[in-house]
Amino acid sequence: MTVNLFGESQQALAEIVSEFSDKPFHARQLFSWIYSRAETDLVRMSNLPRPLRAALSERYGISHPRVELRQTSRDGTVKYLLRLEDGKAVEAVYIPEKTRVTLCISSQIGCPLGCTFCLTAKMGLVRNLTAGEIAGQVAVLAREHSLAANGYNLVFMGMGEPLNNYDEVLAAFRLLTDPQGFGIAARHVTLSTAGVVPGIRRLAREDPRPRLAVSLSATTDALRNELMPINRAYPLAELFLSLRELPLAPRETVTLEYVLLRGMNDRWEDARRLASLAGRLPLKVNLIPYNEACRDGYAATPLESARAFRDALLSRKIPASIRRRRGADISAACGQLAILDPAILEHPIPVA
Ligand code: SAH
């Protein structure tokens, strides 16, 4: 058994390499082979001295998550089931758009937050993903679709609450945005949170950091407590205070995601309250049509009413749009990522 180097930081690789080589640039070369050139065979890293390659490969290897299942939607969206080293599985989604591709990746297996309209919540939290497992989803999808670095956007909108797995998510973000790593521009990466305020405050101090999206979905604490129990810990006033304190880059906006649930949060008063919460914050509102999760009792807002809700925001000078539904026929849409079958979730890879 070799130890997987995928996911190790520049610094960790330097330490590993220093055992075999006194040249710091060998670690930098190794880093760039692993993340920028997506090489998984140490022996093929042609600019490293042969004895170094041989010594490393005795103890170390490089491996990505394994593609176990691909499901392709009529609209071109592809959902991947990826198998991890411990036999557990996670989902990631490839979403082609007119001018760009978006990769939607997971930060946890399952999720502990219990939002009542979301299918991932039904899994509970199985475990956190490591930085390597998070960046590994990107490596696999980029390879599958021959994506050039910087040819795609990245959204932490798959399974899990990224700010509840802060250190690993940030470590992955660094591998993904390092020019010698994946080389993705930080402004092309969006992290979506259900509103973990301490995480937002911590993120505010990172440089570079991903763009921020916040899943709001209710405009009163009473309703939000019910739909998104995390609100009991971090109510609306505190959440918006943390957003007002977030230092923004020029032209940067925060996205508010708002799942439209018929008769629950889609009335005229909701639009009015949403506009006043937004205040003068530079943000845009992304209205998400509810995707059927389980038999959870919710229904989608009819398109006509969704448009009226959007127009009510626009008339109050709040930029708003309705998110196009993608991959709903393969359960790859927002809120539909879940592996509820234990046999699929956990199916250990037989050891050779
Ligand atoms: N935990 C983070 C990351 C997940 S992003 C967060 O909550 O932001 C997943 C997005 O899908 C969130 O905006 C969530 O509100 C939305 N969502 C969850 N269930 C949904 C459903 N059934 N239909 C539409 N959107 C849903």
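Heavy-atom basis, side chains included; hydrogens, waters and symmetry copies ignored. All ligand and atom numbering here is 1-based and tracks the order in the structure. Since this is a predicted model, take the numbers as computed values, not measurements. Numbers here are sequence positions counted from 1.
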To the nearest 0.1 Å, how far is [atom] from its closest protein heavy atom, and which atom is that?
atom                    : value
atom 12 (C) of ligand 1 : Ser215 OG, 3.2 Å
atom 21 (C) of ligand 1 : Cys334 O, 3.4 Å
atom 16 (C) of ligand 1 : Val259 CG2, 3.8 Å

Does Cys115 come within less than 4.0 Å of ligand 1, judged by its heavy atoms?
no

Ligand 1 versus Thr193, non-hydrogen atoms closer than 4.0 Å: side chain, backbone, both, neither?
backbone

Specify side chain, backbone, both or neither for Asn291, according to which of its non-hydrogen atoms lie closer than 4.0 Å to ligand 1.
both

As an exercise, identify every atom of ligand 1 less than 4.0 angstrom from a heavy atom of [X].
X      : value
Met157 : 4 (C), 5 (S), 9 (C)
Pro289 : 24 (C)
Ile288 : 13 (O), 24 (C), 25 (N)
Gly335 : 11 (O), 17 (N), 18 (C), 19 (N), 20 (C), 21 (C), 26 (C)

Does Arg100 pair with Glu97 as a salt bridge, N-O distance under 4.0 Å?
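Glu97 and Arg100: not salt-bridged.
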
May I ask you to decide whether Glu238 forms a salt bridge with Arg201, counting only side-chain N to carboxylate O separations under 4.0 Å?
no

Heavy-atom closest pair, residues Ala135 and Phe182:
O-CZ, 3.7 Å

Option nearest [atom] (shortest heavy-atom distance, choices [options]):
atom                    : options                        : answer
atom 4 (C) of ligand 1  : Gly158, Ala121, Cys104         : Gly158
atom 1 (N) of ligand 1  : Ala194, Gly160, Cys111, Ser192 : Gly160
atom 10 (C) of ligand 1 : Glu161, Glu257, Glu292         : Glu257

Would Phe117 count as being in polar contact with ligand 1, using the rule that some N or O on each side must be under 3.5 angstrom apart?
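The answer is yes, given that Phe117 and ligand 1 share an N or O pair closer than 3.5 Å.
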
Atom CZ of residue position Arg316 - does it have more than 12 heavy atoms of other residues, nucleotides or ligands inside 6.0 Å?
yes

Any donor-acceptor pair under 3.5 Å linking the side-chain atoms of [Y] with those of [X]?
X      : Y      : value
Glu8   : Tyr60  : no
Ser217 : Glu257 : no
Glu226 : Thr116 : no

Would you say the ring centroid of Phe156 lies under 6.0 angstrom from that of Phe173?
no

Centre-to-centre under 6.0 Å for Phe6 and His64, is that the case here?
yes

